[in-house]
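Here is the structure we will look at.
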Amino acid sequence: ENGASPQAEEDRQGRPLTEMKHPRRTLLAAAALLTLGLAPAAACGPDTDCVIGERTYRIAMPDGATDATPVGAVVFMHGYRGTAQGTMASDRLRAMAQDLGVALIAPKSGGEDWLIRNAPRKGFEDDSRELAYFDALLADVTTRFPIDPGKILAAGFSAGGMMTWTLACHRPDRFAAFLPIAGTFWAPEPESCDVEAVDLVHIHGTADEVVPIAGRPIADVRQGDVRTAVARYGRDGGYAGEVSVATDALAMACEGSSAPSGAHLILCLHGGGHGLDADWVAWAYRTFVAGD
């Protein structure tokens, strides 16, 4: 549906090209589990599905993690026709998370693609299906594993970038930062988002022909325009101050703005095509979640 062959998308997603609990969050998590009627599930991990209702996810904890010391996490959303298994098969994503000392969490879309607003041939008018899934996932993972809910980065590539933008729009308070890569909303972009100013960095290739920055028609819909999404999110979140970003080591040109809270909204462009680099994810986590 997004213009890439299933195998090509899986290769891009699975093998990158360059190779505190808050009371409100705790209550929301408990409500999500109760609403879906979820019961405690059997042990799971990087090679075994964690089951939540009719959906699943996988997780790889870093070496040395204990219940006494909660760790941060990267929730990485796969591309079109990707899988949680494919995410876990990425040596570079696994090594990145291990090096950061965080968990790698791999959600699985509700179908071949994420079940979000205006997705091709789905006709969904809202994002409720996937939002309910992520509410349940966060509730389950922070209950079952020693994950710090205040240190979770939401990241995704291609169609997973579209899901990341959807979470940034509707669940900005559930993640510490957002990193959509090479994917934004399906058009038309939301007129407004429930923005509590957070750190959001969008990374895109200027030579991307699968998901161009301005988008392109796919089946019966159209990919959204990245710059429109950034501008509207900036308006809704009150990002007006100027900000400079040092990314020389990552060969990207970044520009952005800041909100009164100090949160950043940044657009980073590189000269390549439709690709993913695990170093971008590591940089975003260290800069906007860990505060290194």
Side-chain angles (χ1 to χ4, degrees), residues 1-2 75 77 79 113-120 122-131 134-135 153-206 208 210-218 220-245 247 252-270 274 280 284 287-288:
E1 300 287 5
N2 70 357
V75 176
M77 284 149 270
D113 205 351
W114 300 96
L115 308 179
I116 54 178
R117 180 176 172 269
N118 298 328
K122 303 296 192 302
F124 297 141
E125 296 182 357
D126 61 42
D127 305 298
S128 59
R129 297 160 186 81
E130 295 295 6
L131 293 176
F134 277 94
D135 286 344
L153 171 70
F157 171 67
S158 194
M162 296 177 173
M163 188 65 240
T164 306
W165 267 106
T166 299
L167 291 171
C169 184
H170 299 294
R171 296 293 188 269
D173 62 328
R174 304 304 305 279
F175 298 89
F178 297 86
L179 179 68
I181 301 169
T184 184
F185 300 106
W186 291 104
E189 299 82 357
E191 287 298 323
S192 63
C193 286
D194 306 321
V195 180
E196 296 179 11
V198 294
D199 289 314
L200 186 152
V201 181
H202 182 103
I203 297 178
H204 219 106
T206 56
D208 193 333
V210 177
V211 184
I213 293 174
R216 67 182 177 93
I218 295 291
D220 53 339
V221 298
R222 182 182 178 84
Q223 298 163 347
D225 185 295
V226 170
R227 289 189 172 89
T228 298
V230 172
R232 290 185 180 177
Y233 203 82
R235 174 202 65 193
D236 295 343
Y239 298 83
E242 294 184 3
V243 63
S244 60
V245 185
T247 58
M252 295 188 295
C254 300
E255 60 181 14
S257 56
S258 63
S261 65
H264 300 84
L265 177 62
I266 299 167
L267 174 61
C268 291
L269 302 179
H270 60 86
H274 194 64
W280 300 338
T287 305
F288 302 103

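Only this structure's heavy atoms are used, side chains among them; waters, hydrogens and symmetry mates stay out.
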Note to self: Is there a side chain to side chain contact (heavy atoms under 4.5 Å, CB included) between Ile213 and Arg227? Walk through the geometry before answering.
What the structure shows: CA-CA 7 Å; Ile213 293 174; Arg227 289 189 172 89; 3.3 Å; yes
Next item on the list: Under the side chain to side chain contact (heavy atoms under 4.5 Å, CB included) rule, what do Phe178 and Leu167 come out as? Steps first, then yes or no, please.
Entry: CA-CA 8 Å; Phe178 297 86; Leu167 291 171; 4.0 Å; yes
Note to self: Test side chain to side chain contact (heavy atoms under 4.5 Å, CB included) on His274 and Ser158; report intermediate values, then the result.
What the structure shows: CA-CA 8 Å; His274 194 64; Ser158 194; 2.9 Å; yes
Margin query: Is there a side chain to side chain contact (heavy atoms under 4.5 Å, CB included) between Phe157 and Val211? Walk through the geometry before answering.
Written below: CA-CA 11 Å; Phe157 171 67; Val211 184; over 6 Å; no
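Remark: the backbone N or O of Ala168 is paired with a side-chain donor or acceptor of Tyr233 at under 3.5 angstrom. At least one donor-acceptor pair closer than 3.5 Å links the side chain of Thr164 to the backbone N or O of Gly156. Between the side chain of His264 and the backbone N or O of Gly262, at least one donor-acceptor pair lies under 3.5 Å. Tyr239 places no side-chain N or O within 3.5 Å of a backbone atom of Ala231 that could act as its donor or acceptor partner. Side-chain N or O atoms of Asp199 include none that pairs as donor or acceptor with a backbone N or O of Ala177 at under 3.5 Å.
Residues Val195 and Pro172 have side chains not in contact (no heavy-atom distance under 4.5 Å, counting atoms from C-beta outward). Looking at His170 and Ser128, their side chains never come closer than 4.5 Å, going by heavy atoms from C-beta outward. Residues Gln223 and Trp186 are in side-chain contact: their nearest non-hydrogen atoms beyond the backbone lie under 4.5 Å apart.
Note that the CZ atom of Phe124 and the CD1 atom of Ile116 stand 10.0 Å from one another [nearest 0.5 Å]. One finds the CE atom of Met163 at 9.0 Å from the CG atom of Leu115 (value rounded to the nearest 0.5 Å). Atoms CG and CG, on Asp208 and Leu269 in that order, are 11.0 Å from each other to the nearest 0.5 Å. Rounding to the nearest 0.5 angstrom, the gap separating the CE atom in Met162 from the CG atom in Asp127 is 12.5 Å. Here Trp280 contributes atom CH2 and His270 contributes atom NE2; the two are 3.5 Å apart, rounded to the nearest 0.5 Å. A distance of 4.5 Å separates CG in Leu265 from OG in Ser257, rounded to the nearest 0.5 Å.
Nearest heavy atom pair, residue Arg222 against residue Pro217, reads NH1-CD, 3.1 Å. Counting all heavy atoms, side chain and backbone alike, Arg232 lies closest to Glu189 at NH1-O, 3.0 Å. Pairing each heavy atom of Ala182 with each of His202, the nearest pair is N-NE2, 4.2 Å. When all heavy atoms of Val221 and Pro120 are compared, the closest pair comes out as CG2-CG, 3.7 Å. Between Pro180 and Gly161 the shortest heavy-atom distance is CB-O, 3.6 Å. The two residues Trp165 and Thr184 make their nearest non-hydrogen contact at CD1-CA, 3.5 Å.
For residues 254-270, no residue pair satisfies the salt bridge (charged side-chain N to carboxylate O under 4.0 Å, His left out) rule, not counting sequence neighbours.
Around CZ of Arg235, the count of heavy atoms belonging to other residues, nucleotides or ligands within 6.0 Å exceeds 12.
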